[in-house]
**Q** 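Here's a structure for you.
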Amino acid sequence: MSEKKQSSVWEGFKAFLMRGNVVDLAVAVVIGAAFTNIVNSVVKGVINPLVGAIGTQNLDSYSSCLKSPCAGSGDNATGIRIMWGSVLGATLSFVITAAVVYFLMVLPMAKYLARMEARRKAKEGAQEVIEVSELEVLKEIRDALVAQRGSGHGQD
């Protein structure tokens, strides 16, 4: 019985792995990890220097002191410090990354898919017109044959 149970568990596991969505998810994770390097390179190499030209690249040092005296950093820090600069930096980094992904990947892909869908619909529409035209021609031939038979029977 143990062998049968182990076999069914193995079969279930194989069925789980072979489902399309699991394989698609694995591919998406791998591609996403590779794509992360591209996005990070664009953000660090292009966007951050542009933002740094306007302001500062490192917002982590900005903070406000809630309870004095605020001195030192790390384990030697005294007082109660709110590190709002790191939160702002992470937020800006997220917004910039999202903008890079949207404008460099999502938007062009959406436009490409819309063009492909429009071409597909145009092709289907043309095929329908051809099919309707063929149907009309066949109806005309049928009507002509019926008329020809009808006039042929009248002369006999």
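Atoms considered below: every heavy atom in the structure, side chains included; atoms not considered: hydrogens, waters and symmetry mates. All values reported here derive from a predicted model rather than from experimental measurement.
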**Q** To the nearest 0.5 Å, what is the distance between NZ on Lys139 and CZ on Arg142?
**A** 7.0 Å
**Q** State plainly whether one hydrophobic cluster holds both Val87 and Ile82, where clusters connect Ile, Leu, Val, Met, Phe, Trp and Tyr through side-chain heavy atoms under 4.5 angstrom apart.
**A** no
**Q** Any chance you could measure Met116, atom CE, to Met109, atom CE, to the nearest 0.5 Å?
**A** 11.0 Å
**Q** Are Phe35 and Phe103 joined in one hydrophobic group, where the rule is that I, L, V, M, F, W and Y side chains link up if heavy atoms are under 4.5 Å apart?
**A** yes
**Q** Should Glu11 and Lys14 count as an ion pair when the cut-off is N to O under 4.0 Å?
**A** yes
**Q** List the steps, then state whether salt bridge (Lys or Arg N to Asp or Glu O under 4.0 Å) holds for Glu117 with Arg120.
**A** CA-CA 5 Å; Glu117 182 66 18; Arg120 186 187 63 79; 2.3 Å; yes
